[in-house]
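Here's the structure, in structure tokens; my notes come after.
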Amino acid sequence: LPNTLTLIGVCIGLSSIKFALDAKFELSIIAILFAAMFDVLDGRVARLIKGTSLVGKELDSLADVISFGVAPAFIMYFWKLNTLGRFGWLVCLIYVICVALRLARFNVNSDEEPSWKDNFFEGMPSPAGGIIVLFPLILSFSEFGKFFPEINYDLLVPIFFISVSVLLISTIPTYSFKKIVIPRSMTKFLLFGIVLFFGALLVYTFKILAVSSFVYLCLIPISYFHFKKIKKEKNITSDKDEGLEDIL
């Protein structure tokens, strides 16, 4: 079942490229979003039914390269980067290579023992990178783009590609939201918030995606200082034996 969900995510990711070829960029974004949801589901289901395997681990990484590396690169190339000539294609190559390197590092580090660092990723995770790199396109479809009519997308898109590429291969700690502990009395409010978020996502898709992407970017420096604070409280002075736990 987990591998089936992974393969469905691959099909959706590849379909996003087909939508981009047909200039249906709205559907391309939605397809990447669904691919990210399936990427979250396959891991959760595998752990829930105790169906994790080495094949599933490698398959998941290969799927992520396609859905959050190759697909977003092609979408943005067909939308804007093709107007930049060879430089646009170079930017795409750099991004895809960084996604592959990030996932290779994940495969090496994911066998480490769990610890308090489970709440943090090492660098930006590839699903988040695949969505964040689409932010200029998402912004253009949301009404927020009307507030910035003078945006130079020819400049903004390469900046986002290069910035996300650096974050992917960096060691900057980012929130993983894997182990969120809340009081039992707050559970109903959390569930209500989740339902409200996905309901708003269905109605105001691109607006919510734009806001969510912006909030995620703002959380990166916060997660960095939070990690440093926790590390200092635990009196950890060396990263030699206490590297970041990197679980997708």
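Owing to the predicted nature of the structure, the values given are computational and were not obtained by experimental measurement. Computed from heavy atoms alone, side chains included, the values below leave out hydrogens, waters and symmetry copies.
The two residues I169 and C98 have their closest heavy-atom pair at CG2-O, 3.6 Å. Among all heavy-atom pairs drawn from F161 and V91, the shortest one is CB-CG1, 3.1 Å. For the residue pair S61 and L103, the shortest heavy atom distance occurs at O-CD1, 3.4 Å. Minimum heavy-atom separation, L155 to P158: O-CD, 3.3 Å. Scanning both residues, I208 and A200, for their nearest heavy atoms gives CG1-O, 3.5 Å. Between P221 and F225, the closest heavy-atom pair is O-CD1, 3.0 Å.
V40 belongs to no multi-residue hydrophobic cluster, having no ILVMFWY side-chain contact under 4.5 Å with any other such residue. Grouping Ile, Leu, Val, Met, Phe, Trp and Tyr residues whose side-chain heavy atoms lie under 4.5 Å apart, directly or via other members, leaves L202 alone, with no other cluster members.
V133 and W89 fall within the same hydrophobic cluster, where Ile, Leu, Val, Met, Phe, Trp and Tyr residues are linked whenever their side-chain heavy atoms come under 4.5 Å apart, directly or through other members. The hydrophobic cluster containing I12 does not contain L62, counting ILVMFWY residues as joined when their side-chain heavy atoms lie under 4.5 angstrom apart, directly or transitively. Cluster annotation: L156 is connected to F135 through the hydrophobic network of ILVMFWY side chains, with a link wherever side-chain heavy atoms come within less than 4.5 Å. By the rule that hydrophobic residues join a cluster once side-chain heavy atoms approach within less than 4.5 Å of another member, I151 and I132 end up as members of one cluster. In the hydrophobic clustering of this structure, L190 groups with F198; members are Ile, Leu, Val, Met, Phe, Trp, Tyr whose side-chain heavy atoms approach within less than 4.5 Å, directly or through other members.
Relative orientation of the F141 and F206 rings is tilted, given thresholds of 30° and 60° on the angle between their planes.
In this structure, K231 NZ and K228 NZ are separated by 4.5 Å, a value rounded to the nearest 0.5 Å. With values rounded to the nearest 0.5 angstrom, N82 atom CG is found 8.0 Å from L84 atom CG. With rounding to the nearest 0.5 Å, the separation of CD1 in I94 from CG in L168 is 12.5 Å. Of the inter-residue distances, the one linking Y95 atom OH with F160 atom CZ reads 12.5 Å to the nearest 0.5 angstrom. We find the CD1-CZ distance between I75 and F78 to be 9.5 Å, quoted to the nearest 0.5 Å.
Every residue two or more places apart in sequence or in another chain that forms a side-chain contact (heavy atoms from CB on, under 4.5 Å) with V211 is listed here: F144, V215. When the side-chain contact (heavy atoms from CB on, under 4.5 Å) test is applied to T83, the partners found at least two apart in sequence or on another chain are K80, D154. Partners of F189 under the ring pair (Phe, Tyr, Trp, His ring centres under 6.0 Å) rule, at least two apart in sequence or in another chain, do not exist in this structure. The side-chain contact (heavy atoms from CB on, under 4.5 Å) test applied to I220 returns M124, L167, I172, T174, Y216, L217, not counting sequence neighbours. Residues satisfying the side-chain contact (heavy atoms from CB on, under 4.5 Å) criterion with V203, sequence neighbours excluded, are absent altogether.
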Taking distance alone, no hydrogens or angles, what donor-acceptor pairs closer than 3.5 Å link side-chain atoms of residues 13-38 to residues at least two apart or in another chain?
| residue | atom | partner | partner atom | Å |
| --- | --- | --- | --- | --- |
| S15 | OG | C11 | O | 2.7 |
| S16 | OG | G13 | O | 2.4 |
| K18 | NZ | D22 | OD2 | 2.6 |
| S28 | OG | S16 | O | 2.8 |
| S28 | OG | A20 | N | 3.0 |
| S28 | OG | K24 | O | 3.4 |

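Judged as a salt bridge (charged side-chain N to carboxylate O under 4.0 Å, His left out), not a single pair has a partner in residues 155-167 (not counting sequence neighbours). For the salt bridge (charged side-chain N to carboxylate O under 4.0 Å, His left out) condition, the pairs that include at least one residue of residues 199-214, sequence neighbours left out, are E143-K207. Annotation: salt bridge (charged side-chain N to carboxylate O under 4.0 Å, His left out) contacts involving residues 156-167, sequence neighbours excluded, are absent.
Between F227 and the options F120, Y175, F121, a ring-ring contact (aromatic ring centres under 6.0 Å, His included) holds for only F120.
Using a distance-only test at 3.5 Å, with no hydrogens or angles considered, no donor-acceptor pair links the side chain of R102 to the main chain of S165. A distance-only check finds a donor-acceptor pair linking the side chain of S223 to the backbone of P173 [under 3.5 Å]. Here the side chain of S212 pairs no donor or acceptor atom with the backbone of L209 at under 3.5 angstrom.
Other residues, nucleotides and ligands contribute more than 12 heavy atoms inside 6.0 Å of the NZ atom of K188.
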Can you list the steps and then say if D60 with D42 is a side chain to side chain contact (heavy atoms under 4.5 Å, CB included)? CA-CA 8 Å; D60 185 67; D42 61 11; 3.0 Å; yes
Verdict with reasoning, S213 to I131, per side chain to side chain contact (heavy atoms under 4.5 Å, CB included): CA-CA 8 Å; S213 299; I131 295 175; 4.2 Å; yes
Criterion side chain to side chain contact (heavy atoms under 4.5 Å, CB included) on L81 and V157, from CA distance to verdict: CA-CA 7 Å; L81 289 176; V157 173; 3.6 Å; yes
Go through the steps for I159 and S163 under the test side chain to side chain contact (heavy atoms under 4.5 Å, CB included), then give the verdict. CA-CA 6 Å; I159 288 176; S163 299; 4.0 Å; yes
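The side-chain heavy atoms of L59 and V10, taken from C-beta on, include no pair separated by under 4.5 Å.
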